[in-house]
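Indexing begins at 1, ligand by ligand and atom by atom, following the structure's order. In this text the structure is predicted, and so the values were computed from the model without any measurement.
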Amino acid sequence: MQIPFHKPCITEDEINEVVDSLKKGWITMGKKTIEFESQFKDYIGCRNAVAVNSCTAALHLALRAIGLKEGEEVIVPAITFVATAEVVNYFKAKPILVDVEKETHLIDVSKIEEEITPKTKAIIPVHYSGQPADMDEILEIAEKYNLYVVEDAAHSLPAWYKGRKVGTIGDLIAFSFYATKTLATGEGGMVTTDNDEWAEMMKVLRLHGISKDAWKRYTKEGSWEYDVLDNGYKYNTTDINSALGLAQLKKLEWMWKEREKIANKYNEAFGECEELIPYKVKKDRVSSWHLYPLKLNLKALKIDRNQFIEKLKRRGIGTSVHFIPLYRFTYYKRRFNYSTKEFPNSEWIFERVLSLPIFPGMTKEEVNYVIENVIDIAKRNKR
Ligand SMILES: *Cc1c(COP(=O)(O)O)cnc(C)c1O
């Protein structure tokens with residue numbers, strides 16, 4: 001059997017929406033994008049949703065909205081995708097890495113306060129694998145030190161923290177619609193916020209700083225004339241991507257339930273195997289299960305994580321690692337001179353973690369094949 005790490009859930013619905021865009025002849029940002037923003041905002045239950053061409057762009061615009069400046073600092077978890085810290089560097093500001101929790105891989109809120117200085121401007125929690133970070137504690141710290149909270153919600157659509165949907169909690173929330181994410185449009189992103197002024201500003205900045213929905217200038221109501229209000233970016237999405245988004249949003253909760261079923265099966269099966277450490281979600285939250293991160297109990301095994309991945313690969317099972325900690329990358333080492341000793345939990349996780357296939361459309365046989373082979377490899381390589 002061959003099971004890829006991920007397969008997007010694309011059916012006739014997505015194809016028909018895209019074909020509709022193509023037939024109408026409007027292929028860049030237009031009506032479908034406005035409709036996608038409107039439906040997304042209603043689904044999340046927030047005041048504003050601004051569509052852009054990636055989550056990285058969404059994070060960048062969010063940091064523009066809060067007015068991040070050169071020399072300031074932003075707190076980010078040490079284990080995340082590089083985009084979370086990269087956007088801070090765009091401002092010549094400094095990403096301050098904080099270690100994560102061993103069990104959940106979420107930013108360790110007990111270690112945030114010691115990193116706060118007069119230069120700290122914001123915290124970017126990452127809802128790793130779809131599990132919301134400790135938002136109450138993060139918001140409390142933010143209030144105490146007058147910081148903004150910009151959430152990296154690339155994994156967490158949909159997810160709930162103490163009954164509140166991710167997208168309604170922090171100041172600005174950035175989602176990703178990258179090909180492997182829980183709502184996939186190939187490339188794409190969205191920022192949600194209840195602050196109307198920020199939403200207006202991001203709408204201007206996403207298209208070269210041009211005033212008022214310049215895409216309208218090609219419609220009947222539009223005119224050729226426009227002004228440039230600020231130095232912006234080419235961050236707009238297209239109606240082709242938004243067509244995919246509209247179709248995917250309709251089945252978002254169905255796709256989430258499918259992943260949740262797989263995660264429950266994994267947790268049940270691996271919980272009984274002492275060589276494996278299943279992924280834990282805290283009681284007061286609901287994960288989107290974008291990823292299923294499995295950890296190896298290395299004390300009980302005579303092979304390491306990389307050998308485990310190799311063995312799964314030979315049996316046709318695709319996996320990945322989320323993530324290589326940021327302080328291990330050449331750029332971050334060169335620029336900030338971090339030591340791995342500062343991040344004992346991240347190091348511990350990175351030695352042990354791998355992500356298993358989890359996507360809607362995975363058959364029972366495929367899920368069972370993954371479970372059987374993971375357990376078989378573990379048992380055969382028992383110490
Ligand atoms: C995928 C991802 C991003 C970036 O998303 P893009 O849409 O590809 O820009 C940011 N943060 C995390 C944690 C991610 O996994």
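Between T80 and ligand 1, no N or O atom pair is found at a separation short of 3.5 Å. For a threshold of 3.5 Å applied to N or O pairs, the pair formed by H155 and ligand 1 contains at least one separation below that value. Remark: ligand 1 and Y178 share no N or O pair separated by less than 3.5 Å (distance only, no angle test). Between A83 and ligand 1, not a single N/O pair is under 3.5 Å apart.
The shortest separation from a heavy atom of F323 to ligand 1 is under 4.0 Å, placing the residue in contact. In this structure, G188 counts as a contact residue of ligand 1, since one of its heavy atoms falls inside 4.0 Å of the ligand.
Between Y161 and H127, a ring centre-to-centre spacing not shorter than 6.0 Å is recorded. Here the two rings, on F40 and F175, have centers that are under 6.0 Å apart.
Within the 4.0 Å heavy-atom criterion, both parts of T56, backbone and side chain, lie near ligand 1. Residue contacts with ligand 1 for H322 are absent, since no atom lies close enough (heavy atoms, distance under 4.0 Å). Within the 4.0 Å heavy-atom criterion, the part of A154 lying near ligand 1 is the side chain and not the backbone.
Judged by a 6.0 Å distance limit and a 45° cone about the ring axis, R328 is not positioned over the six-membered ring of Y338.
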Report, one line per pair, each donor and acceptor closer than 3.5 Å where one atom sits in a side chain of residues 320-327; sequence neighbours left out.
residue: H322; atom: ND1; partner: S355; partner atom: OG; Å: 2.7
residue: Y327; atom: OH; partner: E347; partner atom: N; Å: 3.4
residue: Y327; atom: OH; partner: E347; partner atom: OE2; Å: 2.7

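In this structure, CG in L244 is found 9.0 Å from OG in S21, a value given to the nearest 0.5 Å. One distance of note links CD of E73 with CD1 of I96; it measures 4.0 Å at 0.5 Å rounding.
At a threshold of 4.0 Å, the pair R315-D376 counts as salt-bridged, since one of the basic side-chain nitrogens sits closer than that to a carboxylate oxygen.
Protein heavy atom closest to atom 10 (C) of ligand 1, with residue, atom name and distance, is D152 OD2, 3.5 Å.
Residue S176 approaches ligand 1 through these ligand atoms, each under 4.0 Å from one of its heavy atoms: 5 (O), 6 (P), 7 (O).
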